[in-house]
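Every chain is numbered from 1, with letters handed out A, B, ... down the list of sequences. Since the structure is predicted, the reported quantities are computational estimates derived from the model, not experimental observations.
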Amino acid sequence: MQKKERFKRFLDYFTQHFPEPKTELNFSNPFELLVAVILSAQCTDKRINQITPALFARFSEPESLAAASVDEVFTYIRSVSYPNNKAKHLVGMANMLMDRFGGEIPATVDELQTLPGVGRKTAHVILSVVYNEPTMAVDTHVFRVSHRLGLAPLTATTPLAVEKALMAHIPKQYVPKAHHWLILHGRYVCLARAPNCKECALKDFCKYYEKYPISI
DNA sequence: ATCCCGAGGG
DNA sequence: CCCTCTGGAT
């Protein structure tokens, strides 16, 4: 199947069945989303949602987080991955928001990436979710599912290469939704270790299913 | 043993 | 390019 047809099948299916996808991270403003996405590295969204209520109650704005000690922030996030690094990043991020951005969340990739703990993936999530900009954040789910469905070539061995492959074929107005669709598919159907191919509506053109047709 | 919406540093 | 950070679920 041609690559153009693969993208059409993917977009048609999810437009039909999941017309309004959104992140599963709980947040009520851009600052909270930024904190949640920084915390979500190598960690499930469910776990992040378990610890953010208390965290957001204590640090509801960049001001309070910037004034906090790394040790105190650590006590709120000790159960997520890399709590030491993330506590340090969160306090540093809040301080830079206050010092250089007037306490507001910047709206460009370059500015976002200057924040401690914010790389290309996190910056793109903020731009996509908060500002509805056509940026494709490539995380572990997007990376894996794109390869399995043949939306990105196997030669695309880095997140940036996968991002470019996706951006070349997804209409701009679909990019923010396509990001969530790839994540939802990876999280609930196209699992890393034991994909639920029986339930998958896209397996007829999936390269992974073609190679491992007896997988669960 | 492997995976989860990665980032920073060498 | 590599390595490290690191807890909880499966």
Side-chain angles (χ1 to χ4, degrees), chain A residues 14 18 21-27 30 32-52 54-55 70-71 73-97 106 109-131 133 135-149 151-152 155-163 166-167 170 175-196 208 212 215-216:
Chain A
F14 281 101
F18 300 91
K22 56 182 177 62
T23 177
E24 295 186 356
L25 290 170
N26 295 331
F27 67 100
E32 290 186 358
L33 177 65
L34 180 55
V35 171
V37 177
I38 289 174
L39 289 173
S40 72
Q42 296 298 298
C43 196
T44 60
D45 283 9
K46 284 183 180 178
R47 173 142 303 279
I48 301 307
N49 289 335
Q50 288 174 2
I51 63 104
T52 47
L55 183 68
V70 173
D71 287 346
V73 175
F74 177 87
T75 65
Y76 287 86
I77 68 170
R78 60 166 68 251
S79 68
V80 309
S81 305
Y82 318 132
N84 285 302
N85 284 343
K86 288 174 180 176
K88 199 179 307 176
H89 289 157
L90 288 179
V91 174
M93 178 275 287
N95 273 284
M96 190 175 290
L97 283 183
V109 183
D110 290 341
E111 288 177 316
L112 283 165
Q113 280 199 240
T114 65
L115 297 169
V118 179
R120 187 175 184 83
K121 176 258 173 179
T122 298
H124 279 183
V125 170
I126 299 302
L127 291 174
S128 175
V129 174
V130 176
Y131 302 103
E133 288 194 18
T135 56
M136 178 58 71
V138 178
D139 61 26
T140 182
H141 293 306
V142 175
F143 190 86
R144 179 181 68 255
V145 173
S146 295
H147 282 134
R148 286 181 176 175
L149 290 180
L151 302 180
T155 54
T157 56
T158 66
L160 183 59
V162 170
E163 175 189 327
L166 295 174
M167 291 299 287
I170 299 176
V175 170
K177 290 185 178 182
H179 163 68
H180 294 307
W181 286 333
L182 288 165
I183 288 176
L184 288 175
H185 194 58
R187 183 176 294 161
Y188 296 111
V189 180
C190 197
L191 311 187
R193 282 179 287 196
N196 299 319
Y208 185 87
Y212 305 105
S215 57
I216 308 294

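Note on A/Val138: nothing from the nucleic acid sits closer than 4.0 angstrom, heavy atoms only. Among the heavy atoms of the strands lying under 4.0 Å from A/Arg78 are primed sugar atoms or P, OP1, OP2 only; no base atom is included. When heavy atoms are screened at a 4.0 angstrom cut-off, A/Leu184 is found touching no nucleic acid atom at all. Within the nucleic acid shown, A/Ser79 comes within 4.0 Å of sugar-phosphate atoms alone, with no base atom in reach, counting heavy atoms only. At a threshold of 4.0 angstrom between heavy atoms, the contacts of A/Pro116 are confined to the sugar-phosphate backbone, with no base atom among them.
Within the structure, a side-chain polar atom (N or O) of A/Thr122 is placed less than 4.0 Å from OP1 or OP2 of B/dA7.
Contact of the A/His179 side chain with the A/Leu166 side chain is not registered, since no non-hydrogen atoms from C-beta on lie closer than 4.5 Å. Within the 4.5 Å cutoff, the side chain of A/Ile126 has no heavy atoms near those of the A/Pro30 side chain. In this structure, the side chains of A/Glu24 and A/Ile183 stay at 4.5 Å or more apart for every pair of heavy atoms. For the pair A/Thr52/A/Glu32, no side-chain contact is recorded, criterion being any heavy-atom separation below 4.5 Å from C-beta on.
Near-neighbour residues of DNA chain B inside residues 139-147 of chain A, defined by a heavy atom below 4.0 Å, number-ordered: A/Asp139, A/Thr140, A/His141, A/Arg144.
For A/Arg144 (side chain) and A/Gly186 (main-chain N/O), a donor-acceptor pair under 3.5 Å exists by modelled atom type. Under a 3.5 Å cut-off, the side chain of A/Lys86 and the backbone N or O of A/Ser81 do form a donor-acceptor pair.
Here the separation of C/dC3 from B/dT2, taken at their P atoms, is 15 Å to the nearest Å. With P as the reference atom, C/dT4 and B/dC5 are 24 Å apart, rounded to whole Å. Spacing of P atoms, C/dT6 relative to B/dG10, comes out at 15 Å, to the nearest Å.
Distances were taken from every side-chain heavy atom of A/Arg47 (C-beta onward) to each of B/dA7, C/dA9, B/dC5; the shortest belongs to C/dA9. The side chain of A/Leu25 lies closest to B/dC5 when the candidates are B/dC5, B/dA7, C/dA9. With C/dG7, B/dC4, C/dA9 as the candidates, the nucleotide lying closest to the side chain of A/Ala192 is B/dC4. Here the side chain of A/Thr158 is nearest to one of C/dG7, B/dC4, C/dC1, namely C/dC1.
A straight line from CG of A/Asn85 to P of C/dC3 spans 18 Å, rounded to a whole angstrom. In this structure, CD of A/Gln42 is placed 16 Å from P of C/dC3, rounded to the nearest angstrom. For the pair A/Lys88 NZ and C/dC5 P, the computed distance is 11 Å after rounding to whole Å. Atom P of nucleotide C/dG8 and atom CD1 of A/Ile51 are separated by 12 Å, given to the nearest angstrom. The nearest whole Å value for the distance from the CD1 atom in A/Ile183 to the P atom in B/dC3 is 18 Å. Distance CG (A/Leu115) to P (B/dA7): 12 Å, rounded to an integer number of Å. Between the OH atom of A/Tyr188 and the C1' atom of B/dC4 there is a distance of 12 Å, given to the nearest Å. Rounded to whole Å, the distance from NZ on A/Lys86 to P on C/dT4 is 18 Å.
In terms of position along DNA chain B, the nucleotide closest to A/Lys46 lies nearer the 5' end than the nucleotide closest to the other residue of the pair A/Lys46 and A/Gln113. Closest-nucleotide positions on DNA chain C for A/Arg193 and A/Thr157 were compared, and the one nearer the 5' end corresponds to A/Thr157. Both A/His89 and A/Cys43 lie near DNA chain B, and the one whose nearest nucleotide falls closer to the 5' end is A/Cys43.
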Evaluate the criterion side chain to side chain contact (heavy atoms under 4.5 Å, CB included) for residue pair A/Thr44 and A/Arg187; output intermediate values, then yes/no. CA-CA 10 Å; A/Thr44 60; A/Arg187 183 176 294 161; over 6 Å; no
Residues A/Ile38, A/Val118; criterion side chain to side chain contact (heavy atoms under 4.5 Å, CB included); working and verdict: CA-CA 7 Å; A/Ile38 289 174; A/Val118 179; 3.8 Å; yes
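In this structure, A/Phe14 has its ring center closer than 6.0 angstrom to the ring center of A/His185.
For B/dC5, the base has a donor-acceptor partner in the side chain of A/Thr23 [N/O atoms by modelled type, under 3.5 angstrom].
Ring-base stacking between A/Tyr82 and B/dG6 is satisfied, the centre separation being under 5.5 Å and the plane angle under 30°.
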